[in-house]
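Below: one structure, written as structure tokens.
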There are 2 protein chains.
Amino acid sequence: MRLSKRGEYGLRAMILLATPGPEGRPAMLQIREISERENIPTKFLEQILLALKNAGLLHSKMGVGGGYYLAKPACEITLGQIIRILDGPLAPVKCVSQVAYEPCGCPDEATCGLRMVMFDVRAAMTAILDKTTLEDVTKRMQAQKALLGK
Amino acid sequence: MRLSKRGEYGLRAMILLATPGPEGRPAMLQIREISERENIPTKFLEQILLALKNAGLLHSKMGVGGGYYLAKPACEITLGQIIRILDGPLAPVKCVSQVAYEPCGCPDEATCGLRMVMFDVRAAMTAILDKTTLEDVTKRMQAQKALLGK
DNA sequence: CAAAAGTCTATTATTTCTATAGACTTTACA
DNA sequence: TGTAAAGTCTATAGAAATAATAGACTTTTG
């Protein structure tokens, strides 16, 4: 039941890209800068950002002075979207996935106890991940920093 | 964020072993029988049941007429216990695991937004998995069967 | 045009997952 | 008492997913 490194790195990069800079709004950042600040292998991050770009969550600017920036306001991007792009369906077993349903091989799906429970688990996870936006996350971080006097 | 096959098979086997037979209480079953009824590769299931036995959740009887049976009442075994034995910690990232904590490489754990959210996700998952017992599952299955007239 | 930056595809390395093999031990019972 | 039925245990093979690296290419700015 673990998030992959790809997913973890992607989320951390997106959160960083959503963090308001000195001017108050999220800034454009270069791959290099993100990888250094978050301890992510540069070339691996490159692939991840590209995937997020191709999925429409990021835009980029090529050439000197270029970089990546959010394609939409941070309040319109959920963690669930990001994880699904990088790691696939959130469901713990395929037979409870909304998007990527597949039978799981149990004798009778209609009365499968495991399926019933995993359905609930999936619901509990998506209730958080599909509701929490990048803005929610950066606000929580700011609040915590203020609380700790950082 | 997926349950492994090992975990899935183990849970299905345990649920079957917890299901009351004709005499009203959970029966002793042989590996062969479980693997046939649940479509699980026999030799793989063997390893899984052995792990669950060594962890104290199952007892076994060797020799002719032997088999596996629950080491405790079904109401005292939770799905969370089973998954942790077979798949390791439930936490989506190691830095929010209670049992298997490891730092995750973020610049500052105290103000890490991803960590805060994943902490909530972990809590939501364990709220279900550490509360749901094998008995809960078999009862839900029976109720569903009754509802469908099976 | 040169340097900085993203794009894209391929490949390798590592790990985890899934499964199989096979020799061994215990038990029941004919 | 010996044989067949069952679990025990360790090793390892095969396959798939994950993680990471490489390198050639394109775009942009000055």
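To find a chain, count down the sequence lines: A is the first, B the second, and so on, and within it residues start at 1.
- Between B:C104 and A:E8 the shortest side-chain heavy-atom distance falls below 4.5 Å.
- Residue A:Y68 contributes atom OH, which lies 14 Å from atom C1' of C:dA4 at whole-angstrom precision.
- Evaluation of atom-type donor-acceptor distances gives a pair under 3.5 Å for the side chain of B:Q47 against the base of C:dT20.
- What separates CG of B:L86 from C1' of C:dA19 is a distance of 15 Å, to the nearest Å.
- When heavy atoms are screened at a 4.0 angstrom cut-off, A:K5 is found touching the sugar-phosphate backbone but no base atom.
- In this structure, B:R2 atom CZ and C:dT18 atom P are separated by 9 Å, rounded to whole Å.
- There is a path of hydrophobic side-chain contacts, each under 4.5 Å, that joins B:F119 to A:L90.
- A close approach under 4.0 Å does occur between a side-chain nitrogen or oxygen of B:Y9 and OP1 or OP2 of C:dA19.
- A salt bridge links A:R84 with A:D130: the closest approach of a Lys/Arg side-chain nitrogen to an acidic carboxylate oxygen falls below 4.0 angstrom.
- Looking at A:T19, its side chain does come within 3.5 Å of a backbone N or O of A:I15 through a donor-acceptor pair.
- Of the candidate nucleotides D:dA4, D:dT29, D:dG7, D:dA4 has the atom lying nearest to any side-chain atom of B:V64.
- At a threshold of 4.5 Å between non-hydrogen side-chain atoms, the residues A:I34 and A:L49 count as touching.
- Rounded to whole angstrom, the span from the CZ atom of B:F44 across to the P atom of C:dT18 amounts to 5 Å.
- Contact between the side-chain N/O atoms of B:K53 and the OP1/OP2 oxygens of D:dT8 is found at a separation under 4.0 Å.
- In this structure, CD of A:E46 is placed 12 Å from P of C:dT9, rounded to the nearest angstrom.
- Counting only distance, with no hydrogens or angles, the side chain of A:T126 and the backbone of A:A123 share a donor-acceptor pair below 3.5 Å.
- In this model, the phosphate group of D:dT8 is approached by a side-chain N or O of B:S60 to a distance below 4.0 Å at OP1 or OP2.
- Taking atom CG of A:L49 as the reference point, atom P of C:dT7 lies 9 Å away to the nearest angstrom.
- At D:dT29, one or more side-chain N or O atoms of A:K61 fall inside 4.0 Å of OP1 or OP2 (strictly under the cut-off).
- Both B:G7 and A:Q30 sit near DNA chain C, but only A:Q30 has its closest nucleotide nearer the 5' end.
- The side-chain heavy atoms of B:P92 and B:V96, taken from C-beta on, include a pair separated by under 4.5 Å.
- For residues 87-95 of chain B, proximity to DNA chain C is found at no residue, defined as any non-hydrogen atom under 4.0 angstrom from a strand atom.
- For the OP1/OP2 pair of C:dT18 and a distance below 4.0 Å, the side-chain nitrogens and oxygens of B:S4 include at least one atom meeting the criterion.
- Put simply, CZ on A:R6 is 10 Å from C1' on D:dA20, counting in whole angstrom units.
- One can place NE2 of A:H59 at 11 Å from P of C:dT7, the figure rounded to the nearest angstrom.
- A salt bridge links A:R140 with B:D120: the closest approach of a Lys/Arg side-chain nitrogen to an acidic carboxylate oxygen falls below 4.0 angstrom.
- Across C:dT27, C:dC8, C:dA21, the shortest atom-to-atom separation from the side chain of A:N54 is found for C:dC8.
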